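Here is the structure we will look at.
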Amino acid sequence: MNLKLYNTLTRRKEQFEPLAPPLVTFYVCGPTVYDYIHIGNARVFIIFDLVRRYLNYRGYRVRMVQNYTDIDDKMIRRAREEGHTVAELADRFIDAYKADTAGLLVRPADLQPRATEHIEPIIQLIKKLKERGLAYFSGGDIYFSAGNFRDYGRLSHQATDELLAGARVEPGEKKREPLDFALWKGKKEGEPAWDSPWGEGRPGWHIECSSMAMHYLGETIDIHAGGADLIFPHHENEIAQSSGATGKPFARYWLHAGYLNIEDRKMSKSLGNVLTVRHLLKEYDPRDLRFFILSAHYRSPLNFSRELIAQAAAGRKRLQEFVDNLYGALAGSGEEAAAPEEQIRTALAAARRRFSEAMDDDFNTAGAIAAFFELAREGNIYLQKGHPYNRALLEELLDFYRERNELFEVLKIRQPAPPDEEVLRAIAQREEARRKKDWEAADRIRDELQKQGIVLEDTPHGTRWKYGEATGIK
RNA sequence: GGCGACAUAGCCAAGUGGUAAGGCAGAGGACUGCAAAUCCUUUAUCCCCGGUUCGAAUCCGGGUGUCGCCUCCA
């Protein structure tokens, strides 16, 4: 095992060593369920789903938790605007989240707890912080006293006095110091509330993640991940609350995904350029969206535009063609191969190595994808050298893509449909026409099949057919 | 103002000391009745200026530019 990952906490790549291998405890900050998720959210969920898959692939047993924030200011505001209860709003957008991420081929975390279903552990955690002198009661709310937590600012690498320079206490706020933040908010008229030792109220935003992460994964977890914008204050505050309560490190590795911009501009409601996953999935194949996102390193900023998606789609198509052609080639394969195999076998070994090295290096998906392409080129060369092909070799090539596609899920690895009598008959007719150099008839048959979604390709070894949608852009 | 990231071909994007992966697009060629697919060839003073080194895209210093965080935000 030689997996390295970039830890925001130390700002360097570190050897990954989980606390209790093969177990890896993994917490990802999930959505606030007040709206549809957008393409920027999608990047985060796709990336960390892939991280989980890769860890599993490397032999770890990953326990992944991702929360739903189903109570906070935004939830309350939106529910009020729409005339629903907060719970109704949450149910609706949790369903939407599940549908949208499924559409993106993201696999759900092992556990997806809701904040409102964990009020009791949250209260216990706040109690502990009060006992330790890290929290205080003020005007119906409970606040965390950031100044009393020595390591505050360590994750975002800001000294507390520098953070203070940009912060202030708004008039009407009840906290004592600018960096303090609410752990519990006293009930206001018309807001959902739960009983607590401090009266009715609701949890603050940061405390839910601390609570749920430790509740399900233990006081020190291996990996904590989220979008880069969560570094401060959310993750900083999570550390303060968790370590403050336990005296132990909270998370050992912090992973943060870079931003996704829209046509070189930050995506924001005010610019009106928020692209929802729901909308994009109507227009694009999810594999194209995934391929696009995975074609850059997860920590780099990534720019989204239709042009760039088209570029990615064109590249992905090449790989899809190759995999489809491997299946086609199996029809003309046997024990004895006509073509020399040394070159392709060398390429296969190199691709395996390259893929693993790239992924082990802080999940370098762009490098890993290059391995897909390099092997495809060599594979195509092999296929051109003439059948019969070595069946076992073709299977090995297919396995290469099948196994890694379990991680990336950017290709359709599927057996072609069984031979269609009608199609075969049409192809035979066309062959006959071509032999007679009756190009008009031959082209008519090809066009006819095309309309039915069947694409014909003439190769030196005969005519090959496949479904048009196999490689088309949705 | 404080903290930080990034700057590689027309476009996207790897590469952290040994003279530049991969993809898209373009051009030319091979194959082909045509088409499709595929293969081959072709395109980089690695933002600028210094420094360290036998050797730097890679390390150090200084510029310039872009972006982000410091406030809800994936």
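Below, chain A is the first sequence line, B the second, and so on; all start at residue 1. Everything quoted here is computed from the prediction, not taken from an experiment.
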Quick one: list whatever passes side-chain contact (heavy atoms from CB on, under 4.5 Å) with [X], sequence neighbours left out.
| X | answer |
| --- | --- |
| A:Gln384 | none |
| A:Thr276 | A:Tyr36, A:Arg278, A:His279 |
| A:Pro233 | A:His206, A:Asn237 |
| A:Ala366 | A:Asn364 |

Partner lookup for [N], please. Criteria are Watson-Crick or G-U wobble with both distances under 3.5 angstrom; report none if nothing qualifies.
| N | value |
| --- | --- |
| B:A36 | none |
| B:U58 | none |
| B:A27 | B:U41 |
| B:G68 | B:C3 |
| B:C47 | B:G63 |

Rounding to an integer number of angstrom, what distance separates [N] and [M] when you compare their [atom1] atoms?
| N | M | atom1 | value |
| --- | --- | --- | --- |
| B:G4 | B:C11 | C1' | 28 Å |
| B:A14 | B:G63 | C1' | 27 Å |
| B:A9 | B:U45 | C1' | 12 Å |
| B:A74 | B:G22 | P | 38 Å |

Nucleotides 7-11 of chain B: which of its N/O atoms have a protein N/O under 3.5 Å away?
unit_1, atom_1, unit_2, atom_2, d
B:C11, O2', A:Gln311, NE2, 3.1
B:C11, O2, A:Gln311, OE1, 3.2
B:C11, O2, A:Gln311, NE2, 3.3

Starting from [atom2] on [N], measure out to [atom1] on [X] and report it in whole angstrom.
| X | N | atom1 | atom2 | value |
| --- | --- | --- | --- | --- |
| A:His256 | B:C73 | NE2 | C1' | 13 Å |
| A:Tyr389 | B:U38 | OH | C1' | 11 Å |
| A:Arg430 | B:G33 | CZ | C1' | 10 Å |
| A:Arg11 | B:A5 | CZ | C1' | 9 Å |
| A:Gln320 | B:U38 | CD | C1' | 16 Å |
| A:Glu208 | B:C72 | CD | P | 15 Å |
| A:His297 | B:A21 | NE2 | C1' | 16 Å |

For [X], which contact category applies under a 4.0 Å heavy-atom criterion: base, sugar-phosphate, or nothing?
| X | answer |
| --- | --- |
| A:Arg299 | nothing |
| A:Asp458 | base |
| A:Ile37 | nothing |
| A:Ala296 | sugar-phosphate |
| A:Glu374 | sugar-phosphate |

Can you say whether a donor on the side chain of A:Arg354 sits under 3.5 Å from an acceptor on the base of B:A21, or the other way round? yes
Please determine whether a side-chain nitrogen or oxygen atom of [X] lies at a distance below 4.0 Å from atom OP1 or OP2 of [N].
| X | N | answer |
| --- | --- | --- |
| A:Arg318 | B:C24 | yes |
| A:Tyr259 | B:C69 | yes |
| A:Arg265 | B:G68 | no |
| A:Asn364 | B:G15 | yes |
| A:Lys266 | B:U66 | no |
| A:Lys317 | B:A37 | yes |

List for me each residue that meets side-chain hydrogen bond (donor to acceptor under 3.5 Å, both in side chains) alongside A:Arg391, sequence neighbours excluded, and say none if there are none. A:Ser333
Contacts of A:Arg306 meeting side-chain hydrogen bond (donor to acceptor under 3.5 Å, both in side chains) (sequence neighbours excluded), chain-then-number -> A:Glu283, A:Tyr284
Of [range], the positions that come close to RNA chain B - non-hydrogen atoms, cut-off under 4.0 Å:
| range | result |
| --- | --- |
| residues 440-449 of chain A | A:Asp443, A:Arg446 |
| residues 69-76 of chain A | A:Lys74 |
| residues 226-237 of chain A | A:Gly226, A:Gly227, A:Asp229, A:Leu230, A:Phe232 |

Note: [X]-[Y] ion pair, threshold 4.0 Å (strictly below):
| X | Y | answer |
| --- | --- | --- |
| A:Lys317 | A:Asp288 | no |
| A:Glu374 | A:Arg354 | yes |
| A:Arg414 | A:Asp324 | yes |

So if I take every side-chain heavy atom of [X] and compare against [options], which nucleotide ends up nearest?
| X | options | answer |
| --- | --- | --- |
| A:Ala366 | B:C39, B:A13, B:A74 | B:A13 |
| A:Ala314 | B:A74, B:A25, B:U38 | B:A25 |
| A:Gln384 | B:U38, B:C40, B:C73 | B:U38 |
| A:Ser300 | B:U38, B:G22, B:A14 | B:A14 |

Side-chain donor/acceptor of A:Asp361 to backbone N/O of A:Ala358, under 3.5 Å: no
Flag, side chain of A:Tyr401 to backbone of A:Phe372, donor-acceptor distance under 3.5 Å: yes
Could you check whether A:Asp360 and A:Tyr54, counting side-chain N and O atoms only, form a donor-acceptor pair closer than 3.5 Å? yes
Looking only at side chains, do A:Ser305 and A:Asn303 share a donor and an acceptor under 3.5 Å apart? no
Do any pairs count as a salt bridge (Lys or Arg N to Asp or Glu O under 4.0 Å) and have a residue in residues 38-51 of chain A, sequence neighbours left out, and if so which ones? A:Asp49-A:Arg52, A:Asp49-A:Arg53
Just list the side-chain donor-acceptor pairs under 3.5 Å for residues 438-454 of chain A, sequence neighbours left out, or say none.
unit_1, atom_1, unit_2, atom_2, d
A:Asp438, OD1, A:Ala441, N, 3.2
A:Asp443, OD1, A:Arg446, NH2, 3.4

Does A:Arg176 count as lying over the ring of A:Tyr143, i.e. NZ or CZ under 6.0 Å from the six-ring centre, within 45 degrees of the axis? no
Residue met sooner reading RNA chain B from 5', once A:Glu378 and A:Phe45 are mapped to nucleotides: A:Glu378
Nearest-nucleotide comparison on RNA chain B, the residue closer to the 5′ end among A:Asn325 and A:Asn303: A:Asn303
Can you tell me if A:Trp439 is stacked onto the base of B:G33, using a 5.5 Å centroid cut-off and an angle below 30°? yes
Atom pair CZ/CE of A:Arg202 and A:Met75 - distance to nearest 0.5 Å: 11.0 Å
